[in-house]
Amino acid sequence: MKYLRKIKRAVIWLLPHGSIVLGAAFITFWILDYLNPMIGFLDNAITDWLFLAFCIFNLLNGILAASLVWKHMGKKNQEAETAEAEKTETE
Amino acid sequence: MKPENKRKKNRSLCLKIVLIALGDLLAAALCVGIVVLFHYVLPKQYGDAGIVIAESPEEITDMFALPGEEGFEENPEAGNGSHIEDGLADSQGNSSGSADSGKKDKFNTTNTGTSMIETELNTEWNAMKTTITEIVQKRTAHYDLTVTKREIGENDDKVTYFVADLYVRNVQYLRTAFARGVYGKNIRQFPDTISRDNNALFSISGDFYGNSERGVVIRNGVLYRENVVDADICVLYLDGTMETYSPSAFDGEAVLKKGAWQAWTFGPQLLDGSGAVLDQFRTTSYLNKENPRCAIGYVAPGHYMLVTVDGRDDGYSRGVTITELAQIMAKLGCQTAYNLDGGNSACMYYENDYLNRLSGDERAISDIIYLEAEE
């Protein structure tokens with residue numbers, strides 16, 4: 001269980017960094033491609049696979065962010081409900 | 001919490017953030033480095049030997065007369081050498097068809113939407129005199145080659161270029177060669193080495209096909225690659241004609257049927273097929289700056305112009321934009337013309353030496369266009 005929690009934490013930590021790394025790499029490729037389109041930095045087998053990885057990282061990041069927001073909203077709602085219940089009790 | 005401890009905590013947090021950000025940047029740089037290494041640096045020989053689409057016979061049949069001979073006649077074909085858009089009608093009024101009609105049967109197309117840039121003609125050249133000096137005259141049994149050095153402009157505006165005016169009895173004498181004699185990616189050699197390895201009398205740089213995995217590559221009648229990318233294509237046919245195509249107007253099946261001898265993917269195409277400079281070029285404004293250039297032009301079947309423009313050397317030659325290159329080719333009488341690899345790659349070789357002045361260090365390239373040495 002502890003081990004699984006460690007893996008989960010590592011994945012949650014890695015996902016955004018993966019997006020940052022690949023995003024920065026693709027911006028570099030875009031610039032290189034603009035300077036010399038014939039070399040095809042954006043149009044080759046290696047960057048095709050990297051782009052797939054980029055999409056997967058972003059997809060997972062999006063899901064993670066959405067779930068965190070959901071959790072945060074749920075927590076806030078719960079806190080608000082608890083505060084209101086306490087207020088009613090006091091009254 | 002004491003203010004001092006709070007400050008210490010904030011400082012260590014900032015340091016952590018900076019270290020993590022640096023780590024990400026390093027990882028990104030490593031990622032880019034690995035891609036550059038495998039895509040641009042490490043040589044890779046392709047096992048594919050290519051499909052022979054035109055035989056290269058031992059004895060080449062004469063098709064055209066050379067200047068001064070009986071039967072010699074300049075007969076430029078106007079209006080059908082440049083194919084720009086889908087459905088463009090050629091000079092006979094025949095439409096080249098829609099984008100989807102049969103083009104994707106054999107040739108795969110990827111279109112990444114390269115920008116088109118507008119023409120800005122150099123009108124100052126109209127008033128300037130061009131100094132022409134003949135530096136090579138070679139006539140053999142199969143071709144007639146005259147190379148002239150031309151200079152236009154003065155001081156920082158001066159442009160120096162070399163024009164190889166070539167007549168051949170058969171287009172099969174205009175050959176191409178790969179670096180190390182091998183078809184592959186990132187396989188490069190210096191142009192003079194490739195020339196010597198192929199017993200070339202004369203050569204210019206090609207389209208640097210080895211820089212990329214895509215693009216149409218036909219060399220000496222052998223089809224090596226058939227991906228149409230977002231770059232204009234130039235095809236030299238066995239009947240001696242030369243045509244240029246935009247990616248959407250390129251019909252691979254028709255090209256093969258007509259009998260292609262050479263095909264290059266670099267561009268852009270420079271003229272409209274009847275000798276006029278195009279209104280737009282398939283390139284970026286960054287690449288349209290003044291640079292050394294190489295180009296091939298078609299005047300008539302059996303008559304070609306190969307041009308190398310020197311550059312990046314103010315006072316000797318500043319280089320030219322794509323538009324200015326097109327103007328040069330038009331002025332030389334070309335009906336169709338096509339930009340080849342330039343910059344440090346731009347070179348013109350003749351008898352064991354370069355005729356032009358290289359801009360910087362000699363660059364190893366993928367391929368050349370050449371004439372074989374003869375008695």
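Quick note on labels: first sequence line is chain A, next is B, and so on, each numbered from 1.
- For B/Arg188 and B/Tyr40, the positive end sits near the middle of the six-membered ring, less than 6.0 Å away and at most 45° from its axis.
- Using a 4.5 Å cut-off between heavy atoms, A/Leu22 touches chain B through its side chain atoms alone.
- Proximity to chain A (any heavy atom under 4.5 Å) is shown, for B/Phe266, by both the backbone and the side chain.
- Between chain A and the residues B/Val32, B/Leu26, B/Leu30, the largest count of heavy-atom pairs under 4.5 Å involves B/Val32.
- Among residues at least two apart or in separate chains, ring-ring contact (aromatic ring centres under 6.0 Å, His included) pairs with a member in residues 53-73 of chain A are A/Phe26-A/Phe54.
- The candidate with the highest count of non-hydrogen atom pairs below 4.5 Å against chain B, out of A/Thr47, A/Ile46, A/Ile20, A/Ile39, is A/Ile39.
- Judged purely by distance below 3.5 Å, without hydrogens or angles, the side chains of A/Ser19 and A/Asn58 pair a donor atom with an acceptor atom.
- Only the side chain of A/Leu50 comes within contact range of chain B, judged by heavy atoms closer than 4.5 Å.
- Contacts classified as salt bridge (charged side-chain N to carboxylate O under 4.0 Å, His left out) and involving residues 46-64 of chain A (residues at least two apart or in different chains) are given here: A/Asp48-B/Arg214.
- For B/Tyr224 and B/Phe178, the distance between ring centers is under 6.0 angstrom.
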